Amino acid sequence: MGDRYERRAFAPQVEMLLRRPGIGHNGGPPFDMSWEAWTWRRAVAKAWKAPKPEVAMLRLAKAERLGITYRELTAVILDTGSHLSTAILPLGLVARVRRAGAGLQAEPRPEMAARIARFGGRLFLLADPLLHGALDDAARAAMAAELNRALDGKVAAIGIAEAVPGGRRDPRAGAVLRLLRDHGVPKQEAFFVGTGFADVALAEAATLPLFKWAHEWFGGMPGVPST
């Protein structure tokens with residue numbers, strides 16, 4: 001019959017889906033009838049027991065401010081013991097960047113500006129050196145100031161996804177971690193909002209606790225679980 005999962009038969013994006021579990025996988029066993037699976041299901045049910053109503057309402061309010069679901073926020077708390085506070089987005093997702101004389105001009109995309117207006121956390125943007133050039137600190141600060149005039153000061157900083165040696169699967173991950181470290185944000189408190197599998201790979205390589213698809217960010221969010 002041959003190998004129906006022969007990797008050469010798939011595009012790189014599909015190959016990524018077939019590899020090891022990524023962000024959000026809790027490392028549990030397969031769903032079978034084994035003793036290990038049974039004890040795991042009991043432990044998961046205990047961990048996901050509905051909290052006190054006041055705790056659930058606080059979590060729901062924070063999830064709504066961050067544009068994620070109650071379950072995503074709670075999963076990060078259970079996995080890391082940390083509370084999400086910071087979102088990282090590609091600069092090109094948030095703004096149209098074009099040449100203007102000797103520099104660059106950034107114009108917020110209306111569809112993203114509306115979502116960012118609802119965001120209640122710290123926001124970092126990540127420039128792509130292949131698209132935006134090697135922006136120095138002054139250029140990134142000027143671009144952040146320009147965007148903040150339209151985004152009500154929501155952009156905390158702009159980093160650049162340059163390759164940083166360090167033995168990680170994606171060499172850009174070091175740039176993400178440096179951006180967080182320079183602004184005193186533990187990586188356990190940050191999540192990545194992106195649009196493609198390259199963004200997923202970057203978030204995984206940086207060992208961030210959550211990746212959120214951009215089209216789902218500030219989408220429909222389920223309510224608080226019943227007690």
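Everything quoted here is computed from the prediction, not taken from an experiment.
With sequence neighbours excluded, the residues satisfying side chain to side chain contact (heavy atoms under 4.5 Å, CB included) with D128 are L130, L131, H132. With sequence neighbours left out, E107 forms a salt bridge (charged side-chain N to carboxylate O under 4.0 Å, His left out) with no residue at all. Residues forming a salt bridge (charged side-chain N to carboxylate O under 4.0 Å, His left out) with E72 (at least two apart in sequence, or on another chain): K212. Remark: D136 engages A138, A139 in a side chain to side chain contact (heavy atoms under 4.5 Å, CB included) (not counting sequence neighbours). Shown here are the salt bridge (charged side-chain N to carboxylate O under 4.0 Å, His left out) partners of R140, two or more places apart in sequence or in another chain: D137. Among residues two or more places apart in sequence or in another chain, the ring pair (Phe, Tyr, Trp, His ring centres under 6.0 Å) test is passed with H83 by none. Residues passing the side chain to side chain contact (heavy atoms under 4.5 Å, CB included) test with E189 are S82, S85, V185, P186, sequence neighbours excluded. In this structure R59 satisfies the salt bridge (charged side-chain N to carboxylate O under 4.0 Å, His left out) test with no other residue, sequence neighbours excluded. By the side chain to side chain donor-acceptor pair (under 3.5 Å) test, R149 is found to be paired with no residue, residues two or more places apart in sequence or in another chain being considered. Every side chain to side chain contact (heavy atoms under 4.5 Å, CB included) that R178 has, sequence neighbours left out, goes to E162, V164, R181, D182.
Considering CD of E111 and CD1 of I116, their distance stands at 10.0 Å, rounded to 0.5 Å. The OG1 atom of T195 sits 9.5 Å away from the CG atom of L89 when rounded to the nearest 0.5 Å. A distance of 8.0 Å separates CZ in R172 from CG in L126, rounded to the nearest 0.5 Å. Here the straight-line distance linking atom CD1 of I68 with atom CG of L84 works out to 5.0 Å at 0.5 Å rounding. Taking CE of M112 as the start and CZ of R115 as the end, the distance is 6.0 Å to the nearest 0.5 Å. In this structure, CG on L202 lies 7.5 Å from CG on L208, to the nearest 0.5 angstrom.
Closest of all the heavy-atom pairs between A157 and L179 is CB-CD1, 4.4 Å. A pairwise comparison of heavy atoms in L123 and K154 identifies CB-O, 3.3 Å as the closest pair. In plain terms, the two heavy atoms of L66 and F191 that are nearest each other are O-CZ, 3.6 Å. The two atoms that bring K187 and T207 nearest to each other are NZ-OG1, 2.8 Å, heavy atoms only. Here the closest non-hydrogen pair linking P108 and A113 is CB-CB, 4.5 Å. Contact between A63 and L73 at its shortest, heavy atoms only, is N-CD2, 3.9 Å.
Between L151 and V94 the shortest side-chain heavy-atom distance falls below 4.5 Å. At least one side-chain heavy atom of P90 sits under 4.5 Å from a side-chain heavy atom of D199.
Cluster annotation: F192 and W213 are assigned to the same hydrophobic cluster (Ile/Leu/Val/Met/Phe/Trp/Tyr, side-chain heavy-atom contacts under 4.5 Å, transitive).
Within the structure, every pair that satisfies the ring pair (Phe, Tyr, Trp, His ring centres under 6.0 Å) test and touches residues 109-129, not counting sequence neighbours, is listed here: F119-W217, F124-H183. Pairs passing the salt bridge (Lys or Arg N to Asp or Glu O under 4.0 Å) check and including a residue from residues 88-99, sequence neighbours excluded, do not occur.
The backbone N or O of A190 sits nowhere less than 3.5 Å from a side-chain atom of R122 that would complete a donor-acceptor pair.
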